[in-house]
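When a residue number appears, it is its place in the shown sequence, counting from 1.
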Amino acid sequence: MRIEPHDQAVLDHVAAQGDVIVARTIDWANINSGSRHAAGLARMLDVLEAEARRLPAEIVRVPTQGSTTVADSGAVIPESYADCLTITARPEAPIQVVLTGHYDTVFPADSDFQTVVTRPDGALNGPGVADMKGGISVMLAALEAFETHPDKARVGWTVLLSPDEEIGSPASAPLLAQLGARGHVGLTYEPALSDGTLAGERKGSGNFHLIVTGKAAHAGRAFHEGANAVAGAAMIAARLHGLNGQREGVTVNVARIAGGGALNVVADNAVVRFNVRVPDQAASDWINAAVRAIAAEPPFPGLTLDLHGGMTRAPKPMDASQTALFHAVRDAGELLGQTIAWKPSGGVCEGNNLHAAGLPNVDTLGVVGGEIHSDQEFAWPASFVERAQLSALILCKIASGEIDALKLKQLRLETM
């Protein structure tokens, strides 16, 4: 590969928008759009829809499906979610690229972390500057520049911006699956690591909620007539924790036990919440079976157990399609003077969903930053143009055929 004059024009277009790419990230990060903050998500969606109109594409708000959640009381309650936004150009083109991002953050409406500041070292510090409002800004800039390329007609693209990635994509998962099945290459805009390294293979993840129901009784006068759900939950939590170390790469994190009440009442309700991580499908099958075996055996009489949840994101291995795609991205980076490397990650993202649906993808094409999910979250402003140029050049090389999207898709289908 080499940078042709028409490629350079695209890269120059990105560079000319550098201030805009950073400025709109700051504006967006100053809008609180925590995953459960409906008003903030609605405001952010309005802003993104308006910004998307800079692109020659069809823009659609897509209603999301509801789901259920388990309250601390053990009640199963329905939940609704904000809309997704799709931005689509040339759906009839022979090559289809899927670009995804999320506009929710982990910071709730009442978080103390609400605004962007510039650190003394020049980094931006703010909620979502890296994860991933900066990434969305980079994505849109790359697409705007690519639309000036003479070979653009060969490539159609669809952007999916979702409101629920930070809570496991319960509402947007069906849309991710649909796009992954019909696309050829996926680009997702989670932040790169602090040194620019990409995430390669990713573990799979599952979230579980086990409702423990016991029998209430007076703790003094009738203790033995009750069945203590909190005590049972603690025993179950210990059993779950005991799964760690039994299979390589599998971890079980008991995150929370909720339930109980007054000190003089035998608790009749509890909920055990836990997360699992797995390196491959065999490990996923193993942990699923182990969890369900534990959930089928109350630790003592008088308890009933009701398991909710499951695996939310499948593992994403470095199979043949992923390896070939990452090598192509590395080659594109070299043309730009960017060193592209990758390493395994225990984290999960929409890239897991896309890969499971049959789409080879790179899922850390966002800005360079770090300390995400904390009030120290930061992004380096210089990386915004660099990363947008990388994506723009990838799109150019897909259009020219130097990155063979059809072959990449075929490689992925051969491993399914």
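Between Ser73 and Asn269, the side chains place no donor N or O within less than 3.5 Å of an acceptor N or O (distance only, hydrogens not considered). A donor atom on one side chain and an acceptor atom on the other are not found under 3.5 Å apart for Thr251 and Lys203. At a cut-off of 3.5 Å, with distance as the only test, no side-chain donor of His241 or Asn253 sits close to an acceptor on the other residue. Side-chain N/O atoms of Glu350 and Ser162 include a donor and acceptor closer than 3.5 Å. Side-chain contact, Thr100 with Thr188: a donor N or O sits under 3.5 Å from an acceptor N or O. Counting only N and O atoms by type, the side chains of Asp306 and His308 include a donor and acceptor under 3.5 Å apart. Checked by atom type, the side-chain pair Thr86/Arg61 shows no donor-acceptor distance below 3.5 Å. Between the side chains of Ser35 and Asp104, at least one donor-acceptor pair of N or O atoms lies under 3.5 Å. A side-chain donor from one of Lys316 and Asn361 sits under 3.5 Å from a side-chain acceptor of the other. Residues His218 and Glu225 have side chains that never bring a donor and an acceptor to within less than 3.5 angstrom of each other.
Ring geometry for Trp380 against Phe378 counts as perpendicular: the plane angle is over 60°, on a 0 to 90° scale with 30° as the lower cut. Ring planes of Trp342 and His327: tilted class, angle from 30 to 60°.
Sorted by first and then second residue, the ring-ring contact (aromatic ring centres under 6.0 Å, His included) pairs involving residues 72-121 (not counting sequence neighbours) are Phe107-Phe113.
Every residue two or more places apart in sequence or in another chain that forms a salt bridge (Lys or Arg N to Asp or Glu O under 4.0 Å) with Lys152 is listed here: Glu147. Partners of Arg277 according to the salt bridge (Lys or Arg N to Asp or Glu O under 4.0 Å) rule, which considers only residues two or more places apart in sequence or in another chain, do not exist here.
Residues Ser284 and Asp280 have side chains not in contact (no heavy-atom distance under 4.5 Å, counting atoms from C-beta outward).
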